[in-house]
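Everything on this sheet refers to the single structure shown next.
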Amino acid sequence: MSALIEIEVTYALPKKQILKCLKVPYGTTVAQAVQLSGIRNEFSEIQPDNKNLGIFGKIVKPETVLRNHDRVEIYRPIIVDPKEKRRKRVKKVIASNKMN
């Protein structure tokens, strides 16, 4: 097995996305990859924790060891609960139907 693996670290805002391709030592963790990527220098709001890191859409712990070609994703906090947003939308539709 090679001493280095190829990975990607990505973070997205509504109007700006960043993707860093890196070669890191075998055994590198998700948290280490975020640090090595330098993304936190560009986006100071990023605070890697157990809830906002994933690999290909699956939440993982910061100490998860990466494999070759993994993509580390840094997620933004959810501002509005999707279920609550849907409830409000349904109530609005029901209310507008009653007025018609």
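Model, not experiment: these values are computed from the prediction.
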### Task
For Thr10 and Ile74, run side chain to side chain contact (heavy atoms under 4.5 Å, CB included): C-alpha distance rounded to whole Å, both residues' side-chain angles, the deciding distance at 0.1 Å, then the answer.
CA-CA 6 Å; Thr10 186; Ile74 305 166; over 6 Å; no
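- Applying the side chain to side chain contact (heavy atoms under 4.5 Å, CB included) test between Asn68 and each of Ile7, Val24, Ile5 identifies Ile5 as the sole match.
- A 4.5 Å side-chain heavy-atom check between Val30 and Leu66 finds at least one atom pair inside the cut-off.
- Gln35 places no side-chain N or O within 3.5 Å of a backbone atom of Ala31 that could act as its donor or acceptor partner.
- A salt bridge is absent between Glu42 and Arg40; no separation between the charged side-chain nitrogens and carboxylate oxygens falls under 4.0 Å.
- Counting only distance, with no hydrogens or angles, the side chain of Glu6 and the backbone of His69 share no donor-acceptor pair below 3.5 Å.
- Both Tyr26 and Val72 are assigned to one and the same hydrophobic cluster, defined by single-linkage of ILVMFWY side chains at heavy-atom distances under 4.5 Å.
- Residues satisfying the side chain to side chain donor-acceptor pair (under 3.5 Å) test with Gln32, not counting sequence neighbours, are Thr29.
- At least one side-chain heavy atom of Ile59 sits less than 4.5 Å from a side-chain heavy atom of Tyr75.
- We find the CZ-NZ distance between Arg87 and Lys83 to be 7.0 Å, quoted to the nearest 0.5 Å.
- Connection of Phe43 to Leu53 is established within a shared hydrophobic cluster, with ILVMFWY side chains joined at heavy-atom distances below 4.5 Å, either directly or through further cluster members.
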### Task
Determine, stepwise, if the pair Lys20 / Tyr11 fulfils side chain to side chain contact (heavy atoms under 4.5 Å, CB included).
CA-CA 9 Å; Lys20 301 266 186 157; Tyr11 180 66; over 6 Å; no
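- Contact of the Cys21 side chain with the Arg71 side chain is not registered, since no non-hydrogen atoms from C-beta on lie closer than 4.5 Å.
- To the nearest 0.5 Å, the span separating OG1 on Thr64 from NZ on Lys58 amounts to 8.5 Å.
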